[in-house]
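The structure appears below as structure tokens.
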Amino acid sequence: MAQSAQTVPHGGHEHHESHGLSYYLFPLDHKIIGMQYLFTGMFMALIGGFFAYAFRMQLAFPGMSVPFFGVVSAGEYNSLVTNHGSIMIFWVAMPVLIAAFGNFLIPLMIGCDDMVFPKVNRLSYQIFLLSVIVLITSFFVPGGGFGGAWTAYPPLSANAQYSLTPLGSTLWLTAVALEFVAFLLGGINFVTTVMNSRAPGMKLYDIPIVVWMIVIASILFTASVGPLIAGAVMLFMDQVVGTQFYDPAAGGDPVLWQHLFWFFGHPEVYVVLLPAMGITADVMVTFARKKLFAYRTVLYTAVGTGVLSFTVWAHHQFIAGIDPRMANVFTITTLLISIPIAEMCFVYIATLYGGSITFKTPMLWALAFVAEFLIGGVTGIFLGASGADIYFHDTYFVLAHFHYTFFPIAIIAVYAGLTYWFPKMFGRMMNDTLGKIHFWGTIIPFNMIFLPLFLLGAWGQHRRIYSYQNFPELAGDTMQNLRILATLSLVTMLLFQLVFLYNFFRSMFKGEKAGKNPWRATTLEWTTESPPGHGNWKEMPTVYRGPYEYGTPGRDQDFWPQNEPS
Amino acid sequence: MTQRTLRLVPGTETLASRPLISSAALGMLLFVLVELMMFSGLMSAFSIVKAAAPGGWPPPGQARLPIEETAFNSVVLLASGAFLLLAARRFKLRRSSASLPLLVSGLLGAFFVIFQGVEWVGLVRQGLTLTSSTHGSFFYLIVGMHALHAVGGLGFLLSTWVRLQRRSLDSSVLVATQIFWYFVVGLWPILYGMVYL
Ligand code: HEM
């Protein structure tokens, strides 16, 4: 409530130039908050990647003492997998794609000086940081971190007697809950800012696609997270107070959690997918020097996908004992939702068609996003068919499928966005050659990790298994060799990330100066200094046209910034 | 590559946006959306467990809920909502005249919460607790969640009233308070119908 008094009208007030310590410790500026989210997310990605390294080493070389980790015990294995999944989704994909890019880009792309509720925004990051601390603490408490999978199905998650992590599970749940609060605050801010603080002249159809996508994603998150909060409160009470909401022995129902979780969990997939799609669109038009094909169609499709995404959740539960007639309904909705996403991919290809494409690093990432995500999408069709899923459920086929969606989203699209907006964030260019080395060093090993996992899954290898030595039909040489291939590819890929880190931090200080608009792009963020000062513009911009005016005939430049009068 | 520019609008400067809904109200609406979905989650969980209970509902041997007293209390809460509506109307005409109905609205709301608390004490005495059965768990969870929202709403009402006294009340804040309090008031009859009846 109290915030409305601090509402910042567009281009309204004077800015103080004093940058004291508190400015950086407790900043209100959206760009700094965006950077805080970005660096925290990158830090968490390192942890999540390290966890993947540790448990993949165990799978490839069972029982070995993993360098930098030690011998992975069975309990530790579960905890590593669980926290790898939770971290990658809740502490990497969400904060980087939505919070970091959203905070940095929204005011800059819609031409205003800050978020509508700057203090709520700051609170959002502080709560997020707290959630990180709680999560990291949970790894070190007696019993270790939570190991009941990121989906936290009861009774394993509700009952310390089964999970053996009395404290770990409660801390994990607390951390997730805090993280939700942080994103709710952020999301409310994003939507309100885009609706009420646009630059004069910017109509709804003049908003860049990436901003739209973040807004739609925020609304989806807002609308879907409620039931999970309800479910989480019930789970928390089962853990701590001793209620029995999920305990069938006392009249509770464990499948209830699955419904509440996936009612959120499936829209969540689109919450992270849409911003990634948006980033890709913005990068593609700039490097194809061509207007986005069918802007409005993309927008309506995204909204339609969002609505449909509320109707597919039970496809995660085909074998949880739900009524087969219900399974048929969810099969149909699941197959339906592949249509709008496929359509978006076609629209992107149509955007590229006939463009004059330059293959700079961001463009490579954007193209790779569409290509790799397609593999994830196509394999999803098999899983969406309830008959096939009875066999595939809980195998590495599922695992490879969702990594072919999540990795493009959380890693590839993020690299596309980072390399593209880096000049705006830090005022300098990244090295393109190093960027390309890093690109190929990531993409090739990525496919070599997960293509073998499709095969293994199709051959019946189940997920969340600590060691396959006790399953004679899964322990043969062929399968073990594929596991080793996947793990070695992972190590290669992780090593190539050093190239990125080097390039990133070196360019921040030593890169070539970028100037205002190094990519010759049209959207508003490129019309101010790099990096933009406090308040973003000396003189607030006015908007005269849509976001992607490239190649307008009769002009000497092939791009036409949104803020240039005709 | 000949592409037509979609729209050239000279003089769009004058279009400086007057938002449809104020930021405070829009933010509050989004927040209410989250809470609405959360209660839907609770209610659907509750109805599933209720429908599947083998011995009928409420489970045998558990205390019965005070239907009549709560009906009276519901009317009090609805009245509180009506007074807030009145306050908002008066605010438009003459600001200071909104003070009394706003205060009454808050007092009625506070009465509702306290009355609920007294009822809880009685129920706990009769042996209905959080862990006595899923009946108790769901009752305290759902009604308790609503009570938490009511307490939050009372905070909003109070701060709105204080601002009104200090003549610093912005109409968008009043609208946001209204959105939240109508949510609390409007949700209650549904909860009452599902949980008590
Ligand atoms: C860095 C490359 C990655 C590798 C090599 C990798 C590998 C794996 C493997 C092998 C598992 C399954 C372990 C098991 O079931 O025993 C797993 C689980 C999972 N991964 Fe990844 N992953 C990577 C990146 C990501 C990313 C970027 C995301 C999401 C944004 C992600 C999300 C998940 C999730 C949600 C699970 C399921 C955890 C669970 O079963 O509870 N992973 N990962």
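A, B, ... follow the sequence lines: proteins, then strands. Residue 1 opens every chain.
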Side chain, backbone, both or neither of [X] within contact of chain A (heavy atoms, under 4.5 Å):
X: B:S137; answer: both
X: B:A53; answer: neither
X: B:F180; answer: neither
X: B:S133; answer: neither
X: B:F39; answer: neither
X: B:L36; answer: neither
X: B:I48; answer: side chain
X: B:L130; answer: both

Residue among [options] with most heavy-atom pairs under 4.5 Å to chain B:
options: A:S218, A:G252, A:G251, A:G187; answer: A:G251
options: A:T193, A:L256, A:L184; answer: A:L256
options: A:T243, A:D253, A:L260; answer: A:T243

Heavy atoms, side chains only, cut-off 4.5 Å: are B:W181 and B:V184 in contact?
yes
Aromatic ring pairing [X]/[Y], orientation class (parallel under 30°, perpendicular over 60°, tilted between):
X: B:W57; Y: B:F46; answer: perpendicular
X: A:F310; Y: A:F263; answer: tilted
X: B:F138; Y: A:F245; answer: perpendicular

Heavy-atom contact with chain B under 4.5 Å, split by part of [X]:
X: A:M202; value: neither
X: A:V241; value: both
X: A:A250; value: backbone

[X] side-chain N/O to [Y] backbone N/O, donor-acceptor pair under 3.5 Å:
X: A:T522; Y: A:P547; value: yes
X: A:K291; Y: A:Y548; value: no
X: B:S99; Y: B:S96; value: no
X: A:Q562; Y: A:R545; value: yes
X: A:T192; Y: B:S23; value: no

